[in-house]
Amino acid sequence: MRLYLADLGHNLVTATSDTYPLGVGNLATFAQAYAKSPTPIEVAIFRDPKELKTAIDTAAPDVIGFSSYSWNHHLALSFADYAKAVNPDSLTLMGGPNFPLTEDEQESWIRTMPQIDMHVRGPTYEGERAFLSTLQRFIDVGARREGMWEEAVDGALYVHPETGEILRGDEPPRIRDLDEIPSPYLAGLMDKFFDTGLFALMQLARGCPFTCAFCNSAVKSNSKVFRHSFERTKADLDYIVARINHASPLCFADDNFGMYVQDEEVADYLGHLMERYDWPKYIRTTTGKNRGDRIIKVMRKAKGRLPMTSSVQSLNPEVLKNIKRDNISLDTYAEVQQELHSKGMQSYGELILCMPGETRESFMDAVDQLIETGVSRVAAHQLMLLHGAPLANPDSREKFGFKTLHRVVARCLGKYTGPTVVETEEMVVQSENFSFQDYLDTRVFHLLLTIFYYEDNFEEAFRLARSRGIRPFLIVKHMQDILDQAPKPFRDAVAGYLEENQQELFETRADCVAWAQENYDDLISGELGGNLLSKYSMIGRFIVLDEALDFLKRAISDLLDKDDHEAHEMLGTIINYYSAVMLHVPFSETLEHEPVWSSSFDLEAWRNSGYEGVLQDYQFDAPREFQTQVDQRVKATLLTRIETFGEHASGLGRFTRTMFAKDFRRNFVPSENQHAAE
């Protein structure tokens with residue numbers, strides 16, 4: 001019996017699904033280990049649409065299963081259609097978290113998908129047992145699709161093809177010991193992905209004890225946390241490090257990594273791998289929502305290569321009540337940030353626009369407060385109504401007065417088996433207390449914040465301003481106020497961002513799809529669409545960098561005392577420093593360029609001291625020159641990432657989030673006469 005399992009990712013613009021397909025890998029090893037079949041089960045897993053099409057054309061599957069997420073649902077459906085066209089007797093299955101919570105919505109949802117025979121419904125993010133029971137039924141009825149419909153299957157939901165009746169099986173129990181799932185790494189199923197440029201993905205624990213209503217991990221069945229043993233995790237890490245390009249990051253699919261005592265043991269071993277192999281250089285995951293003390297321990301063990309993601313989502317008490325979320329106190333939050341920065345580690349704060357009960361004023365105040373706690377970046381996500389998240393339920397929509405519009409999921413469209421495939425998402429752009437104009441204004445503010453306050457990329461300039469009593473929030477807010485005075489290329493970039501933000505929004509999915517089909521070539525080339533915040537922040541950071549630096553200097557200068565000549569001189573020194581050390585597009589040229597920087601201040605000594613004192617304490621007796629140089633490790637990493645994702649703005653956004661801002665700077669060539677005056 002031939003079994004194909006696909007977690008497809010759009011890849012005609014850039015690789016949108018950038019990790020190994022761990023979920024279908026788990027399904028494959030679980031089926032091979034526990035399915036009772038009179039004939040061998042030949043299993044293949046897929047991420048690349050082209051590879052799957054070739055496989056179907058070469059040897060059609062008996063069973064084909066698809067993972068459904070908001071970013072690949074219609075791509076999966078298009079391949080289900082294609083598999084049926086090649087072999088009408090193929091059994092088509094679909095699972096994943098992209099599924100409504102209420103039974104009425106579930107039944108209407110599955111009726112829109114005649115190409116899917118059965119919907120495999122394990123608990124959220126856990127479908128192995130449901131998949132096994134469905135596959136075993138297929139085997140037991142003689143591997144005949146027609147024998148599947150006589151009675152309900154545990155963990156499955158389907159429309160009877162003859163009667164039109166909905167049949168719903170019981171929900172299977174969760175897996176309490178994740179080692180019950182054989183490792184797809186140790187089974188060799190992931191070997192073909194090591195040379196693709198995708199990122200290795202692991203999961204240490206499943207489940208989330210929090211009940212955040214905007215998240216599809218909030219369902220009750222997902223509240224208990226179960227995990228793999230350390231021995232299994234260690235074996236997977238050893239297997240990966242022996243085969244992976246050591247420039248590649250490591251990703252964990254955990255909801256709260258670092259919050260549990262077992263994570264400390266994992267972090268210890270990661271530290272060992274870093275010392276021995278210099279891998280992983282970056283760890284991408286979601287860190288825990290409490291137990292800051294333990295998360296700090298884990299981050300220390302990970303040698304600063306694991307940024308802390310502090311997802312508060314809102315600081316408004318009314319919002320937190322509406323979304324059923326508890327945050328740690330801001331005082332505790334600030335203590336965590338202070339500890340992180342003292343150890344040279346970074347953390348990110350996350351908010352969500354248009355949350356129920358939020359106002360523009362409370363949102364902006366939250367940004368200011370988060371910055372003041374010491375986070376290295378504040379991300380302001382947009383509220384999406386996801387299938388599987390309580391806020392998407394009809395009663396929540398009505399209660400909170402959500403106004404929603406549809407847009408193309410960033411970079412998620414293409415032509416693979418014939419017709420154009422377009423993924424769309426439903427965005428909240430207005431609520432009772434948050435107008436559409438508020439939405440647009442905060443989007444522009446967040447673009448400026450992302451360009452200039454990303455991972456301390458311009459920290460030296462912000463530190464100088466703070467030493468003169470000017471908070472970072474005030475600088476970015478002033479930038480928004482004087483946008484009409486920014487250099488034209490930078491102003492045009494912001495105007496393009498605002499225009500595209502409105503251009504990409506539609507009342508219905510059908511209208512959105514029609515627009516995408518009409519503008520297909522521009523969307524594929526990257527001229528239109530993509531993750532607009534990522535795309536335009538990449539333009540600001542790497543394409544119009546010179547103009548961005550001029551604007552930053554202008555904004556801070558406006559807020560400095562005009563008679564503080566020393567501060568203005570130091571600001572000019574900092575901006576010139578950025579011009580000398582910051583890499584920008586085209587990287588093929590700037591990676592080879594090694595300019596000389598002249599300065600009266602030892603800026604790097606000030607930074608390396610943790611900004612102890614003020615910059616004027618680090619003044620040289622006379623100006624000095626510094627030769628810059630690109631670190632060869634950084635150069636090799638950048639060239640590898642560019643080859644995989646491209647150098648256009650959309651591609652840059654795919655890989656910069658797994659590197660630190662400091663990785664995009666030249667270093668100074670050490671020299672005995674280049675030191676601060678005593």
Side-chain angles (χ1 to χ4, degrees), residues 212-214 289-290 292 308-338 340-341 347-383 391 400-403 428-456 458-459 462-463 465-466 468-483 498 501 533 537 555-556 558-559:
C212 310
F214 56 85
K289 300 165 186 64
N290 59 32
M308 179 181 179
T309 303
S310 307
S311 305
V312 297
Q313 315 306 9
S314 176
L315 297 179
N316 184 327
E318 181 183 353
V319 174
L320 296 176
K321 180 181 177 181
N322 288 337
I323 64 174
K324 300 179 181 179
R325 181 184 178 90
D326 292 320
N327 284 333
I328 62 175
S329 72
L330 271 187
D331 288 342
T332 303
Y333 194 86
E335 289 176 12
V336 172
Q337 307 311 316
Q338 190 174 35
L340 295 176
H341 280 271
S347 69
Y348 304 148
E350 291 188 346
L351 298 165
I352 298 179
L353 288 177
C354 292
M355 291 286 246
E358 196 78 85
T359 66
R360 179 184 176 186
E361 291 73 22
S362 67
F363 176 82
M364 296 292 274
D365 183 58
V367 174
D368 195 5
Q369 290 186 68
L370 278 182
I371 291 174
E372 290 308 296
T373 67
V375 295
S376 306
R377 182 181 73 183
V378 178
H381 302 296
Q382 296 180 81
L383 179 57
L391 274 188
F400 298 121
F402 290 146
K403 163 68 175 176
V428 178
V429 299
Q430 184 176 328
S431 61
E432 285 185 318
N433 304 307
F434 208 96
S435 71
F436 184 60
Q437 188 59 52
D438 290 338
Y439 168 83
L440 294 175
D441 289 343
T442 50
R443 287 284 282 163
V444 171
F445 175 83
H446 188 225
L447 172 65
L448 297 171
L449 190 70
T450 303
I451 292 172
F452 292 102
Y453 203 74
Y454 180 92
E455 285 187 351
D456 302 325
F458 298 96
E459 184 178 22
F462 284 102
R463 288 277 186 167
R466 190 181 283 281
R468 266 33 184 195
I470 304 167
R471 301 198 313 277
F473 174 84
L474 297 178
I475 296 171
V476 181
K477 184 66 175 67
H478 183 60
M479 285 180 164
Q480 186 168 17
D481 293 339
I482 63 165
L483 262 177
L498 188 58
N501 263 276
L533 180 66
S537 65
I556 296 177
D558 285 353
L559 298 174

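- Taking the six-membered ring where the residue is Trp, F445 and F473 present tilted rings, their angle falling between 30° and 60°.
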Steps toward side-chain contact (heavy atoms from CB on, under 4.5 Å) verdict (F436, K403): CA-CA 9 Å; F436 184 60; K403 163 68 175 176; over 6 Å; no
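- With values rounded to the nearest 0.5 angstrom, Y439 atom OH is found 11.5 Å from Q430 atom CD.
- Closest heavy-atom contact between A555 and M479: CB-CG, 3.7 Å.
- Here the straight-line distance linking atom CG of N433 with atom OG1 of T359 works out to 7.0 Å at 0.5 Å rounding.
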Residue pair Q382, V428: steps toward the side-chain contact (heavy atoms from CB on, under 4.5 Å) verdict: CA-CA 7 Å; Q382 296 180 81; V428 178; over 6 Å; no
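- Within the structure, salt bridge (charged side-chain N to carboxylate O under 4.0 Å, His left out) contacts touching residues 438-452 (residues at least two apart or in different chains) are R360-D441.
- Between the side chain of H381 and the main chain of I352, no donor-acceptor pair closer than 3.5 Å is present.
- Taking 4.5 Å as the limit, some side-chain heavy atom of L440 sits within range of a side-chain heavy atom of L498.
- L315 and Q369 make their closest contact through CD1-CB, 3.9 Å (heavy atoms, listed as atom of the first residue, atom of the second, distance).
- To the nearest 0.5 Å, atom CD of residue E358 and atom CZ of residue F400 are 12.5 Å apart.
- Put simply, CD1 on I451 and CZ on F458 are 8.5 Å apart, with the number rounded to the nearest 0.5 Å.
- At least one side-chain heavy atom of L383 sits under 4.5 Å from a side-chain heavy atom of F402.
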Pair M364-D368, side-chain contact (heavy atoms from CB on, under 4.5 Å): steps then yes or no: CA-CA 6 Å; M364 296 292 274; D368 195 5; over 6 Å; no
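- Between S314 atom OG and F214 atom CZ the span is 10.0 Å, to the nearest 0.5 Å.
- No donor-acceptor pair under 3.5 Å is formed between the side chain of H446 and the backbone N or O of L533.
- With sequence neighbours left out, F434 forms a ring pair (Phe, Tyr, Trp, His ring centres under 6.0 Å) with no residue at all.
- When all heavy atoms are compared, the tightest approach of C354 to S431 is O-OG, 4.2 Å.
- Look at R466 and E372 and you find a salt bridge, because one of the NZ, NE, NH1 or NH2 atoms lies within 4.0 Å of a carboxylate O, short of that distance.
- A donor-acceptor pair is defined here as one N or O able to donate and one able to accept, closer than 3.5 Å; such a pair exists between the side chain of N322 and the backbone of P356.
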side-chain contact (heavy atoms from CB on, under 4.5 Å) between I470 and I475, intermediate numbers included: CA-CA 7 Å; I470 304 167; I475 296 171; 3.7 Å; yes
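- With values rounded to the nearest 0.5 angstrom, D558 atom CG is found 13.0 Å from L474 atom CG.
- Annotation: side chain of P472 is in contact with side chain of Y453 (closest heavy-atom distance under 4.5 Å).
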